[in-house]
Amino acid sequence: MNDSSAENPDSSSRAGGGVFATTHWTAVVAAGQSNSQQAAVALEELCHTYWYPLYAFIRRQGHSREDAEDLTQGFFARLLEKNYLEGVTSDKGKFRAFLLMAVKRFMANEWDRTQRQKRGGGILPLSLDWQDADSRYLINPADHLSPDKLYDRAWAVVVLERVVTRLRDENKAEGKAALYDQLKAFLMMGKNDIPYAQAAETLKMTEGAIRVAVHRLRRRYRELLRDEIGQTLANPAQADEEMEALFNALAGN
């Protein structure tokens, strides 16, 4: 795939659409022990995006909904303290792995302290949709998965949700919302399974035009997927490896 944003992660791309010249996790890692404001903002944004897999991990370990909420809140309160950026080094290449390691350490060391705190006390570092979180957890079909594997699966789902949302918003901004709504189901289909003729009839377009539109949509989907994953890696060149890991997680492997 010819994706200039992936090949040059230090340049600003329309896929990123954000504030930082570097990917978010790269900004955190590069800051090291400097406690830079840019790194703190980048870390908070990443946490706000990827908090649900942590909640699912904690729930799968047998904690109640209320305890999982308390633990997740307590973890982020600690993580987002400025001095927590100390010790973040380049060996922590994947934000997914770093976050899981950090929450395991937190739960081992902080459970008693968290339990002694009154529920709702203090300032919440993130505004999180707890009702939605437990609804998502309860409908999760992968009951056989270990907490670690469920965490990876939930992470993969969040990534894909983010990518689909970005793709939808881009098409809406370009005045292609109706076309996107008709073609979005083809993103996950094999090329040989896509009913081009049927879509052409529905949209009153030629089959050739539909094929071009689907090709462009799927290409942009892949670009956004690489960009979204790249934001969680210290080295965006690892995007292919991380994509493979996340698709394996979705398959329950």
What side-chain donor-acceptor pairs closer than 3.5 Å can you find for residues 242-250, not counting sequence neighbours?
from	atom 1	to	atom 2	distance (Å)
E242	OE1	K94	NZ	3.4
E242	OE1	R96	NH2	2.7
E242	OE2	R96	NE	2.8
E242	OE2	R96	NH2	3.3
N248	ND2	E244	O	3.2

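- Looking at heavy atoms from C-beta onward, V157 lies out of side-chain contact with Y52 at the 4.5 angstrom threshold.
- A pairwise comparison of heavy atoms in P147 and F57 identifies O-CD1, 3.3 Å as the closest pair.
- With hydrogens and angles disregarded, no donor-acceptor distance shorter than 3.5 Å links the side chain of T232 to the backbone of E228.
- Nearest heavy-atom pair, T49 versus V158, reported as atom, atom and distance to 0.1 Å: O-CG1, 3.5 Å.
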key: Derivation of the side chain to side chain contact (heavy atoms under 4.5 Å, CB included) call for I58 and Y151   = CA-CA 9 Å; I58 295 170; Y151 169 83; over 6 Å; no
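- Looking at residues two or more places apart in sequence or on another chain, you find no ring pair (Phe, Tyr, Trp, His ring centres under 6.0 Å) involving Y221.
- The two residues M189 and P195 have their closest heavy-atom pair at SD-CD, 4.1 Å.
- Note that CG of L71 and CD of E69 are 10.5 Å apart. Values are rounded to the nearest 0.5 Å.
- Within the 6.0 Å centre-distance limit, the rings of F98 and W25 are counted as a close aromatic pair.
- Checked against the 6.0 Å centroid threshold, F76 and W51 do not count as a close aromatic pair.
- With sequence neighbours excluded, the residues forming a side-chain contact (heavy atoms from CB on, under 4.5 Å) with D169 are T165, listed by chain and number.
- Evaluation of the salt bridge (charged side-chain N to carboxylate O under 4.0 Å, His left out) rule for K172 yields no partner, not counting sequence neighbours.
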query = What do the steps show when you test D240 against R226 for salt bridge (charged side-chain N to carboxylate O under 4.0 Å, His left out), and what is the final call?
reply = CA-CA 8 Å; D240 288 335; R226 286 183 63 86; 2.4 Å; yes
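- Residue L179 holds its CG atom at 8.0 Å from CD of Q182, rounded to the nearest 0.5 Å.
- G74 and F106 make their closest contact through C-CZ, 3.4 Å (heavy atoms, listed as atom of the first residue, atom of the second, distance).
- For D181, the side-chain contact (heavy atoms from CB on, under 4.5 Å) partners are K184, not counting sequence neighbours.
- Among residues two or more places apart in sequence or in another chain, the side-chain contact (heavy atoms from CB on, under 4.5 Å) test is passed with A209 by M205, T206.
- Interatomic distance, H24 NE2 to C47 SG, rounded to the nearest 0.5 Å: 11.5 Å.
- The side-chain heavy atoms of L225 and L160, taken from C-beta on, include a pair separated by under 4.5 Å.
- Atoms CZ and CG, on R60 and L150 in that order, are 4.5 Å from each other to the nearest 0.5 Å.
- Residues forming a side-chain contact (heavy atoms from CB on, under 4.5 Å) with N171 (at least two apart in sequence, or on another chain): L167, K176, Y180, L217.
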Evaluation steps, salt bridge (charged side-chain N to carboxylate O under 4.0 Å, His left out), between D148 and R153 = CA-CA 9 Å; D148 286 49; R153 184 183 188 278; over 6 Å; no
inquiry  = Please determine whether salt bridge (charged side-chain N to carboxylate O under 4.0 Å, His left out) holds for the pair R220 and E223, giving the CA-CA distance in whole Å, both sets of side-chain angles, and the decisive distance to 0.1 Å.
reply    = CA-CA 5 Å; R220 186 59 183 149; E223 290 173 352; 2.8 Å; yes
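- The CZ atom of F95 sits 5.5 Å away from the CG atom of L43 when rounded to the nearest 0.5 Å.
- No path of Ile, Leu, Val, Met, Phe, Trp and Tyr side chains, each step under 4.5 Å between heavy atoms, connects Y196 with V212, placing them in separate hydrophobic clusters.
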request  = Under the side chain to side chain contact (heavy atoms under 4.5 Å, CB included) rule, what do Y50 and V159 come out as? Steps first, then yes or no, please.
outcome  = CA-CA 8 Å; Y50 291 105; V159 169; 3.6 Å; yes
request  = Start with the C-alpha gap between L46 and L99, add the side-chain angles, then the distance that decides, and say whether side chain to side chain contact (heavy atoms under 4.5 Å, CB included) holds.
outcome  = CA-CA 10 Å; L46 280 168; L99 206 57; over 6 Å; no
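- T72 contributes atom OG1, which lies 8.5 Å from atom CE of M107 (distance to the nearest 0.5 angstrom).
- Residue pairs satisfying the salt bridge (charged side-chain N to carboxylate O under 4.0 Å, His left out) criterion with at least one member in residues 206-218, sequence neighbours excluded, are listed as follows: E207-R211.
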